[in-house]
Engineer: 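A single structure is presented below for examination.
The analysis underlying the following values was restricted to heavy atoms, covering all of them including side chains, and did not include hydrogens, waters or symmetry mates. We count residues from 1, following the sequence as given.
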Amino acid sequence: MKRTYAALAALACLLFASVSFADQPKPWQMGMQEPATSIMEFNSWFEQYTLWFIVPITIFVLLLLVVVVVKFRESANPVPSKTSHNTAIEIAWTVIPVLILFAIAIPSFNLLTYQLKMPENPDVTIKATATQWLWSYEYEGEQVVSFDSYMLKEGDRAAAGKEDVARYPRLLAVDNEVVVPVGKTVRLLVTAAPTDVIHAFAMPAFGIKIDAIPGRLNETWFRADREGLYYGQCSELCGKDHAYMPIAIRVVSDAQYATWLQAATSDLSGANRALMAAVDGAPAAVQTAENITN
């Protein structure tokens, strides 16, 4: 029965196959990752917006330091001024910083409100539990799917069908990715095992980062705007294998998600292979289906 479900999943995913996108850190990358959610787009805009204040202020302060060093050095100014009060300057250095803080604070509060206000009636709810050193996921709803997600070891690439290092990078690829539908609101519940330490769930392309604390259930949300495979990591120093606790989220179409979810309830491995075949290439999908049914 499991093989039958997996074979049907492979064929169904093949019908809805599409070109996908993988977002991950790149060599010599200086900026942030390409936004995949409206939250991250807001974050990226705010980062560029604040630079219009930070850069001029930095240049202005640097010029003032240069002027002070050159003009008011002892050899050029042997008799220093005894001026102790200047009303215009004191008003300026009080009012201008206040106006700058207002200009930064207003969009900052808007961004925080947008991030922290949970949307009503989310389409998907997933619970992520952190443990040294892996993530465990549980889908809530009529069809319950739960699995552990470990970092993919180099020796397991061939067996997992993830030999493409460009798409499944070293230290970021996992054996089981989180699968979500594109354009749907996903509610993410984050915690850590009761006897564990503090971790943090971070997905740069989605603009989310939230602590996973033992005994406490935190929540956040995202809505991916495009299909693809996105990578993040635990961003809280949690022990000796902190660097080997990656997060991978695969965003697919509604049809692919529904097919994967149905198959994953009984055969997670087969469902993952069928989905990978659909999004990574059609020939692999046919071959996978044949192998499962035989």
Engineer: Looking at side-chain heavy atoms only, is the closest gap between Asp254 and Lys184 below 4.5 Å?
Structural biologist: yes

Engineer: Can you sort out the partners of Ala103 under side-chain contact (heavy atoms from CB on, under 4.5 Å), two or more places apart, ordered by chain and number?
Structural biologist: Tyr49, Phe53

Engineer: Considering only heavy atoms from C-beta outward, does the side chain of Leu189 approach that of Glu140 to under 4.5 Å?
Structural biologist: yes

Engineer: To the nearest 0.5 Å, what is the distance between CG (Leu237) and NE2 (His242)?
Structural biologist: 5.5 Å

Engineer: Does Tyr244 offer a backbone N or O that forms a donor-acceptor pair with the side chain of Asp241 under 3.5 Å?
Structural biologist: no

Engineer: Quick one, Thr87 and His85 - any side-chain contact, counting heavy atoms below 4.5 Å?
Structural biologist: yes

Engineer: Any link between Phe60 and Ile104 through a network of hydrophobic side chains (Ile, Leu, Val, Met, Phe, Trp, Tyr) touching at under 4.5 Å?
Structural biologist: no

Engineer: Show the nearest heavy-atom pair for residues Ser235 and Lys209, with the distance to one decimal.
Structural biologist: OG-CE, 3.1 Å

Engineer: Do Met245 and Gln233 have side-chain heavy atoms sitting under 4.5 Å apart?
Structural biologist: no

Engineer: At what distance, to the nearest 0.5 angstrom, does OH of Tyr137 lie from CG of Leu188?
Structural biologist: 8.0 Å

Engineer: Is a side-chain N or O of Asp123 found less than 3.5 angstrom from the main chain of Thr185, in a donor-acceptor match?
Structural biologist: yes

Engineer: Walk me through it: do Tyr139 and Val124 pass the test side-chain contact (heavy atoms from CB on, under 4.5 Å)?
Structural biologist: CA-CA 8 Å; Tyr139 287 67; Val124 180; 4.3 Å; yes

Engineer: Using side-chain contact (heavy atoms from CB on, under 4.5 Å), reason through Leu275 and Val179 one step at a time and then give a plain yes or no.
Structural biologist: CA-CA 10 Å; Leu275 185 58; Val179 180; 3.8 Å; yes

Engineer: Say whether, by atom type as modelled, one donor and one acceptor occur between the side chain of Tyr168 and the main chain of Gly161 under 3.5 angstrom.
Structural biologist: no

Engineer: Determine which pairs satisfy ring pair (Phe, Tyr, Trp, His ring centres under 6.0 Å) with at least one residue from residues 176-227, sequence neighbours left out, and list them in order.
Structural biologist: Tyr114-Trp221, Trp135-Phe201, Phe206-Phe222, Phe206-Tyr230

Engineer: I need the minimum non-hydrogen distance between Val174 and Pro246, along with the two atoms involved.
Structural biologist: CG1-CG, 3.7 Å

Engineer: side-chain contact (heavy atoms from CB on, under 4.5 Å) between Ile126 and Glu138: does it pass, once the steps are laid out?
Structural biologist: CA-CA 6 Å; Ile126 303 173; Glu138 181 179 349; over 6 Å; no

Engineer: So do Val251 and Tyr257 actually touch side chain to side chain, heavy atoms under 4.5 Å?
Structural biologist: no

Engineer: Give the cluster check for Ile57 versus Leu65: same hydrophobic cluster or not, with ILVMFWY residues linked at side-chain heavy-atom distances below 4.5 Å.
Structural biologist: yes

Engineer: Would you confirm whether Arg167, through its side chain, and Asp164, through its main-chain N or O, come within 3.5 Å as a donor-acceptor pair?
Structural biologist: no

Engineer: When clusters are formed by joining ILVMFWY residues with side-chain heavy atoms under 4.5 Å apart, either directly or through shared neighbours, do Ile210 and Val180 land in the same one?
Structural biologist: yes

Engineer: For Lys127 and Ser146, indicate whether the former's side chain and the latter's backbone hold a donor-acceptor pair under 3.5 Å.
Structural biologist: no

Engineer: Look at the side chain of Asn176 and the backbone N and O of Asp148, then say whether any donor-acceptor pair between them is shorter than 3.5 Å.
Structural biologist: yes

Engineer: Quick check against the 3.5 Å criterion: does Gln132 have a side-chain atom that pairs as donor or acceptor with the backbone of Cys238?
Structural biologist: yes

Engineer: Do Thr265 and Val144 have side-chain heavy atoms sitting under 4.5 Å apart?
Structural biologist: no

Engineer: Without swapping roles, check the side chain of Thr191 against the backbone of Ala212 for a donor-acceptor pair under 3.5 Å.
Structural biologist: no

Engineer: Quick one: CD1 on Ile247 to CD1 on Ile208, what's the gap to the nearest 0.5 Å?
Structural biologist: 8.0 Å

Engineer: CZ of Phe147: more than 12 outside heavy atoms within 6.0 angstrom?
Structural biologist: yes

Engineer: Please name the pair of heavy atoms, one in Val165 and one in Arg170, separated by the smallest distance, quoted to 0.1 Å.
Structural biologist: CG1-N, 4.3 Å

Engineer: Under 3.5 Å, side chain of Lys162 to main-chain N/O of Asp156, donor-acceptor pair present?
Structural biologist: no

Engineer: Would you say Asn43 and Gln115 make side-chain contact, with heavy atoms under 4.5 Å?
Structural biologist: yes

Engineer: Establish, from distance only, whether the side-chain atoms of Arg223 and Thr37 form a donor-acceptor pair under 3.5 Å.
Structural biologist: no

Engineer: Compare every heavy atom of Ala263 with every heavy atom of Ala271, then report the nearest pair and how far apart it is.
Structural biologist: CB-CB, 3.7 Å

Engineer: Write down the atom of Ala36, the atom of Arg226, and the distance for their closest heavy-atom approach.
Structural biologist: CA-NH1, 3.9 Å

Engineer: Do Asp175 and Ser149 pass the side-chain contact (heavy atoms from CB on, under 4.5 Å) test, and can you show the C-alpha distance, the side-chain angles, and the key distance before you say yes or no?
Structural biologist: CA-CA 6 Å; Asp175 55 355; Ser149 181; 4.1 Å; yes

Engineer: To the closest 0.5 Å, what do you measure between OG (Ser44) and CD1 (Ile39)?
Structural biologist: 12.0 Å

Engineer: Quick one: do Val145 and Ile249 end up in the same hydrophobic cluster if we chain Ile, Leu, Val, Met, Phe, Trp and Tyr together by side-chain heavy atoms under 4.5 Å apart?
Structural biologist: yes

Engineer: Can you measure from OH (Tyr231) to CG (Leu229) and round to the nearest 0.5 angstrom?
Structural biologist: 3.5 Å

Engineer: Measure the spacing between CG of Leu134 and OG1 of Thr129 and express it to the nearest 0.5 Å.
Structural biologist: 9.5 Å

Engineer: Would a hydrophobic clustering, with Ile, Leu, Val, Met, Phe, Trp and Tyr connected at side-chain separations under 4.5 Å, put Met203 with Met151?
Structural biologist: no

Engineer: Quick one: does any side-chain atom of Thr50 pair with a main-chain N or O of Phe46 as donor and acceptor, under 3.5 Å?
Structural biologist: yes

Engineer: Could you tell me whether Glu154 atom CD has more than 12 heavy atoms of other residues or ligands within 6.0 Å of it?
Structural biologist: yes

Engineer: Answer yes or no: is there a side-chain heavy-atom contact under 4.5 Å between Trp260 and Leu268?
Structural biologist: yes

Engineer: Which heavy atom of Thr94 sits nearest a heavy atom of Val98, and at what distance?
Structural biologist: O-CG2, 3.1 Å

